[in-house]
S.K.: 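Structure incoming, see below.
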Amino acid sequence: MKKFVSVTIILILLCTSIFAACDSGSEKIRVATDATWPPFEYVDTDTNKIVGFDIDLFTAIAEEAGIEFEFVNVEWDPLLAGVAQGTYDAAISSITIREDRLADMSFSDPYFVARQIIVVKTDSDITGISGLVGKKVGVQTGTTGDIEASAVDGVNVTGYDEIGMAFVALLSSQIDAVVCDTPVASGYVSKYSNLKAVAEFPTIEEYGIAFPKSSDDLIEKINAALANVKADGVIDQLVQKWLVD
Ligand code: ARG
């Protein structure tokens, strides 16, 4: 009996140490996000935590896929460059899947559809894209808002590191309009009664999770988990939680 007990104890000890070894061996992936883009990714000033639609979504996907991860908060410009260079294993940051970006990085299946929209002050006479000609338009540098606004001839585009800075400039009338993704625009418009959204660009954008090229195994796992999470209604729940007032 005594022997049995000690063998059992040794076995338990052995198992736990093997388990611990395995555990420390399973590596955490680094997931970049530019947490300046409410309500998809931003820092909650009360808790100092990164929160939002993308944060909840990636957390659900990782749980489903059994992947350990940590978020790394990085600015938009170094985020895209960092994914391309393999500094991060993945990035979730309302990133629009674009042909030109596919040259430098890979994407998961799409998980959300957005558009570019023009936001102005309520007393503005800008009603559409042509109204931007000759006006000062704020964007987050390097985003699709920047790309679309810059493509309109005669528009004076000012790029900001964060979209919040563009909205501050708009609210203080330093610029005439902001162009950004629809969910972000809706958030600012509902927060500030002197702002209104006036017109969308004729483009449709799909968000995807970005990866360095040749991350095929990880992308496969993430896509499988994303499909399950979608089928479980998680995206619909996140729309209710973060986008519907
Ligand atoms: N969807 C836009 C793009 O891909 C803007 C994304 C900006 N995201 C952010 N977290 N700042 O260019």
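Numbering of ligands and ligand atoms starts at 1, following listing order.
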S.K.: Going by the closest heavy atom to atom 8 (N) of ligand 1, which one wins out of Ser93, Gly142, Ser94?
M.R.: Ser93
S.K.: If we only consider heavy atoms of Arg98, is any one of them less than 4.0 Å away from an atom in ligand 1?
M.R.: no
S.K.: If you look only at pairs with a residue in residues 128-178, which of them pass as a ring-ring contact (aromatic ring centres under 6.0 Å, His included), with sequence neighbours excluded?
M.R.: Phe167-Tyr188
S.K.: Which atom pair, heavy atoms only, marks the closest approach of Ala65 to Ala225?
M.R.: CB-CB, 3.8 Å
S.K.: At under 4.0 Å between heavy atoms, is it the side chain or the backbone of Thr144 that contacts ligand 1, or both, or neither?
M.R.: both
S.K.: Does anything in residues 75-94 pair up under salt bridge (Lys or Arg N to Asp or Glu O under 4.0 Å), and if so which pairs, sequence neighbours excluded?
M.R.: none
S.K.: Flag the pair Asp56 and Lys241 as a salt bridge only when some basic side-chain nitrogen lies within less than 4.0 angstrom of an acidic carboxylate oxygen.
M.R.: yes
S.K.: Could you tell me whether Phe112 and Phe40 have their ring centroids closer than 6.0 angstrom?
M.R.: yes
S.K.: Below 30° counts as parallel, above 60° as perpendicular, anything between as tilted: where do the rings of Phe69 and Phe58 land?
M.R.: perpendicular
S.K.: At a 4.0 Å threshold, what atoms of ligand 1 neighbour a non-hydrogen atom of Tyr207?
M.R.: 1 (N)
S.K.: Please could you name the atoms of ligand 1 that Arg101 approaches to less than 4.0 Å, counting only its heavy atoms?
M.R.: 3 (C), 4 (O), 12 (O)
S.K.: Determine, for Asp100 against Arg98, whether the closest basic-nitrogen to carboxylate-oxygen distance falls under 4.0 angstrom.
M.R.: yes
S.K.: Give yes if a backbone or side-chain nitrogen or oxygen of Trp76 is under 3.5 Å from a nitrogen or oxygen of ligand 1, and no if not.
M.R.: no
S.K.: Measure from the side-chain N and O atoms of Ser150 to the backbone N and O of Ile147, and report whether any donor-acceptor pair falls under 3.5 Å.
M.R.: no
S.K.: If you measure from each non-hydrogen atom of Gln116 to ligand 1, which part falls under 4.0 Å: side chain, backbone, both or neither?
M.R.: neither
S.K.: Tell me whether Asp181 has any N or O atom under 3.5 angstrom from an N or O of ligand 1.
M.R.: yes
S.K.: Does some non-hydrogen atom of Phe40 fall short of 4.0 Å from ligand 1?
M.R.: no
S.K.: Taking only heavy atoms of Ile95, which atoms of ligand 1 are found under 4.0 Å from at least one of them?
M.R.: 4 (O)
S.K.: Can you name the atoms of ligand 1, numbered from 1 with element, that are less than 4.0 Å from a heavy atom of Gln140?
M.R.: 7 (C), 9 (C), 11 (N)
